[in-house]
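Structure, as structure tokens:
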Amino acid sequence: MSRELSEQEVVRRNSLNQLRELGIDPYPAARFPVSATAQAIKENFEGHEDDYKQVSLAGRLMSRRIMGKASFAELMDHSGRIQLYFNRDEICPDEDKTNYNTVFKKLTDIGDFIGVEGYVFKTKVGEISVFVQKFQILSKSLRPLPVVKTDEDGKVHDGVTDPEFRYRQRYVDLAINPDVRKVFAQRTRIINSMRDFFNAEGYLEVDTPVLQPIPGGAAARPFVTHHNTLDVPFYLRIANELYLKRLIVGGFDGVYEFSRNFRNEGMDRTHNPEFTVMEIYVAYQDYDWMMNFTEAMLEKVVMDLHGTTEIPLGDKTISFQRPFKRVTMYDAILEHTGIDISEMDEAQLRQTCKDLNIEVDESMGKGKLVDEIFGEKCEANYVQPTFITDYPIEMSPLCKKHRSKPGLVERFELMINGKELANAYSELNDPIDQRERFEEQVELMERGDDEAMYIDQDFLRALEYGMPPTSGMGIGVDRLVMILTNQSSIQDVLFFPQMRPEK
RNA sequence: CUCUACAUAGCUCAGUGGUAGAGCACCCGGCUCUUAACCGGGAGGACACAGGUUCGAGUCCUGUUGUGGAGACCA
């Protein structure tokens with residue numbers, strides 16, 4: 001466990017000891033009252049100078065420019081940075097200049113948390129700053145914080161860019177890269193905006209189990225754990241769909257949950273083993289209603305965040321202006337391959353895949369084959385928000401049969417930037433039909449499809465008591481945040497993305 | 001899992017087989033309106049790990065570990 005300390009760490013530990021010898025506690029217990037923030041001062045000082053004769057603020061020391069008997073420094077609090085001015089004879093009015101010469105100049109380091117009291121003024125070159133009259137170390141930093149400098153053109157120098165460093169030591173990333181903090185603040189605003197939208201409709205936010213005896217509601221490999229007292233396996237949820245539907249059976253008209261889901265599969269820039277999906281279920285509605293609801297929700301969230309419906313994403317611009325384009329899955333395939341698959345059986349679909357150079361295997365059923373064609377030939381083309389509707393029944397075991405198109409279900413997926421963002425159904429509420437669909441999944445499983453769903457007998461029991469006609473929708477929160485914050489990796493919208501453990 | 005790139009000081013990077021380098025940060029000194037502060041001096045390195053080739057390896061080769069990218073997989 002012992003670790004060789006770097007030169008700079010030794011220096012800081014020595015400073016820590018010297019502070020203690022001077023009777024200064026480097027980790028004081030008492031609260032430090034804060035009366036102002038950096039951003040508020042900079043925004044409001046001019047014209048209200050009298051209100052800033054006495055301020056106290058606290059934060060991390062981010063830079064120092066020492067010029068003998070006077071110094072400038074930068075303090076960063078949650079709102080931003082502000083310049084501090086330290087003058088020896090102001091801080092040390094008496095003969096003893098220790099507080100400035102030793103404590104500030106020698107024993108205080110970049111990265112330390114300090115509290116300052118003083119008044120706000122403008123420097124000769126016009127920067128709003130705090131004239132420090134008293135300062136106090138609130139917490140000593142023992143590791144050198146990487147110093148990031150921004151020049152007058154706003155260009156960042158020596159920023160920490162190593163992704164491994166940034167993700168493993170996210171606290172450092174957040175401390176020194178304000179843009180990173182901004183993305184996560186936006187993430188929370190997006191989620192709050194969604195929540196406000198649902199609450200305004202009177203829908204109920206709920207919590208359902210993460211530990212499930214049967215991993216249902218989606219097709220994915222689960223994480224398995226074990227409950228000692230019950231001596232049974234439990235699965236971390238891959239979805240919460242079946243539980244939310246049980247609540248609709250129970251009489252709630254609208255329920256939603258921000259669900260942390262877990263899938264034991266590969267990781268890449270759009271997949272993390274744990275991720276967040278918002279799922280909502282509304283009784284007496286259908287998937288047409290849900291399309292309108294979804295685009296209204298997204299337009300509102302985007303407006304709340306950006307004040308416009310046109311947002312940049314990489315080198316593209318995405319428009320969230322309603323209404324979104326709507327295309328049936330068969331029309332999408334016809335448009336992008338020139339092939340009409342609407343009347344094909346499984347053998348013809350398999351041949352079509354071969355003709356299109358799409359890899360298939362014997363375990364794939366009709367639904368999976370259609371999905372392969374769509375995924376290979378169509379998906380990437382839908383950059384602007386587009387609802388793909390009316391999927392083949394075989395790939396949607398929880399979705400109601402289409403009211404007028406045999407062999408299809410009332411399902412849509414919302415595609416943005418060539419990726420699936422949301423998925424919704426008119427929910428299957430016929431318990432006999434649902435049991436048959438589950439049984440078809442068992443057949444798929446026996447054919448070798450390791451993603452087919454298990455039968456959840458309790459869920460069927462719930463449907464047998466009766467579930468009202470319901471529409472449900474799930475939206476990938478991490479992917480939505482990626483789009484709305486213009487990030488290309490899921491790791492940049494998760495505070496602590498999954499990494500291989502160190503050492 | 002496959003292919004590929006990268007791994008050098010606290011951070012960002014250079015180093016093209018021949019004594020380990022720079023900027024920032026750090027230490028010492030100077031400087032009372034600086035702002036990528038400045039000026040002078042200084043210290044700091046098992047070059048990711050383990051082998052190999054070579055008189056000699058940070059550099060070439062093999063393997064390992066970690067990370068990024070591209071794929072496979074993830075409806």
Side-chain angles (χ1 to χ4, degrees), chain A residues 4-12 14-15 62-74 81 83-91 100 105-106 109-111 121-127 129 131 141-169 172 176 218-221 238 263-273 275 329 359 364-365 367-375 379 391-392 394-399 411 413 419-420 423 441 444 449-453 488-489 491 497 499-503:
Chain A
E4 198 85 9
L5 292 181
S6 72
E7 181 196 18
Q8 293 190 44
E9 288 174 295
V10 171
V11 167
R12 286 182 180 224
N14 287 340
S15 298
M62 297 305 285
S63 73
R64 301 202 301 166
R65 293 179 285 276
I66 295 175
M67 301 159 300
K69 298 178 185 66
S71 302
F72 288 93
E74 275 179 303
R81 294 186 183 207
Q83 182 169 260
L84 306 178
Y85 178 67
F86 290 80
N87 183 300
R88 186 192 69 177
D89 296 329
E90 295 287 335
I91 288 169
Y100 179 80
K105 274 170 69 174
K106 299 292 177 197
D109 293 295
I110 289 171
F121 76 113
K122 230 175 176 182
T123 63
K124 281 179 184 167
V125 293
E127 179 159 350
S129 308
F131 193 109
S141 166
L142 295 183
R143 283 183 189 249
L145 191 69
V147 174
V148 180
K149 300 199 175 189
T150 307
D151 65 23
E152 56 188 5
D153 300 327
K155 213 171 125 193
V156 174
H157 296 260
D158 299 335
V160 173
T161 51
D162 176 15
E164 185 173 4
F165 186 105
R166 291 185 47 226
Y167 300 147
R168 286 199 195 279
Q169 302 186 51
V172 176
I176 63 181
R221 292 212 307 266
I238 56 175
R263 296 186 184 176
N264 203 341
E265 283 157 358
M267 299 158 57
D268 60 34
R269 67 186 191 294
T270 56
H271 296 83
N272 194 66
F275 61 103
M329 167 150 283
E359 252 180 76
M364 290 180 178
K368 184 96 176 165
L369 292 167
V370 173
D371 188 51
E372 287 291 323
I373 298 171
F374 181 80
E379 201 171 56
Y391 285 61
E394 293 82 355
M395 57 197 290
S396 313
L398 303 170
C399 185
R411 171 180 183 177
E413 287 193 352
K419 299 230 164 55
E420 173 197 342
N423 182 22
Q441 290 291 306
L444 285 177
D449 185 347
D450 58 0
E451 293 156 5
M453 290 184 193
S488 57
S489 170
Q491 297 173 108
M499 302 272 280
R500 200 174 287 275
E502 281 183 273
K503 277 154 204 165

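In what follows, every chain begins at residue 1, and chains take the letters A, B, ... in the order their sequences are listed. The model shown is predicted, which means the values in this text are computed figures rather than measured ones.
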Apply side chain to side chain contact (heavy atoms under 4.5 Å, CB included) to residues A:Val172 and A:Arg143 and explain how you reach the verdict. CA-CA 11 Å; A:Val172 176; A:Arg143 283 183 189 249; over 6 Å; no
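Between A:Lys69 and the phosphate of B:U32, there is a side-chain N or O to OP1/OP2 separation shorter than 4.0 Å. Taking only side-chain nitrogens and oxygens, A:Arg65 never comes nearer than 4.0 Å to OP1 or OP2 of B:U34.
Nucleotide B:C27 holds its C1' atom 14 Å from the CD1 atom of A:Ile110, rounded to whole Å. Summarising the geometry, the separation between CZ on A:Arg64 and P on B:A37 is reported as 13 Å, rounded to the nearest angstrom.
Applying the side chain to side chain contact (heavy atoms under 4.5 Å, CB included) rule to A:Ser63 yields the partners A:Arg65, A:Glu74; only residues at least two apart in sequence or on another chain are considered. Scored by the salt bridge (Lys or Arg N to Asp or Glu O under 4.0 Å) test, A:Asp89 finds A:Lys97 as partners (sequence neighbours excluded). Not counting sequence neighbours, the partners of A:Glu164 by the salt bridge (Lys or Arg N to Asp or Glu O under 4.0 Å) test are A:Arg168. The ring-ring contact (aromatic ring centres under 6.0 Å, His included) search around A:Phe275 returns none, not counting sequence neighbours. Checked against salt bridge (Lys or Arg N to Asp or Glu O under 4.0 Å), A:Lys368 has the following partners two or more places apart in sequence or in another chain: A:Glu451. Applying the ring-ring contact (aromatic ring centres under 6.0 Å, His included) criterion to A:Phe165, with sequence neighbours excluded, gives no partner residue. In this structure A:Glu379 satisfies the salt bridge (Lys or Arg N to Asp or Glu O under 4.0 Å) test with no other residue, sequence neighbours excluded.
Residue A:Lys106 is classed as a sugar-phosphate contact, given heavy-atom separations below 4.0 Å to backbone atoms only. A:Phe86 comes within 4.0 angstrom of no nucleic acid atom, judged by non-hydrogen atoms across all strands. In this structure, A:Met62 reaches neither bases nor backbone, as no heavy-atom distance under 4.0 Å exists between it and the strands shown. The residue A:Arg168 sits close only to the backbone: its heavy atoms come under 4.0 Å of sugar-phosphate atoms, none of a base. Residue contacts for A:Glu74: at a heavy-atom cut-off of 4.0 Å it reaches no nucleic acid atom on any strand shown.
Donor-acceptor pairing under 3.5 Å is recorded for the side chains of A:Gln491 and A:Ser489.
Both A:Arg411 and A:Thr123 sit near RNA chain B, but only A:Thr123 has its closest nucleotide nearer the 5' end.
The same atom, P, is picked in B:C13 and in B:A48; the two are 15 Å apart, to the nearest Å.
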Atom pairs, protein N/O to nucleotides 68-72 of chain B N/O, distance under 3.5 Å:
| residue | atom | partner | partner atom | Å |
| --- | --- | --- | --- | --- |
| B:G68 | OP1 | A:Gln491 | OE1 | 2.8 |
| B:G68 | OP1 | A:Gln491 | NE2 | 3.3 |
| B:A70 | OP2 | A:Arg269 | NH1 | 3.1 |

Identify all pairs in which a protein N or O lies below 3.5 Å from an N or O of nucleotides 7-11 of chain B, and state each distance.
| residue | atom | partner | partner atom | Å |
| --- | --- | --- | --- | --- |
| B:C11 | O2' | A:Asp158 | O | 3.3 |

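At a cut-off of 3.5 angstrom, the base of B:U34 holds at least one donor-acceptor pair with the side chain of A:Gln83.
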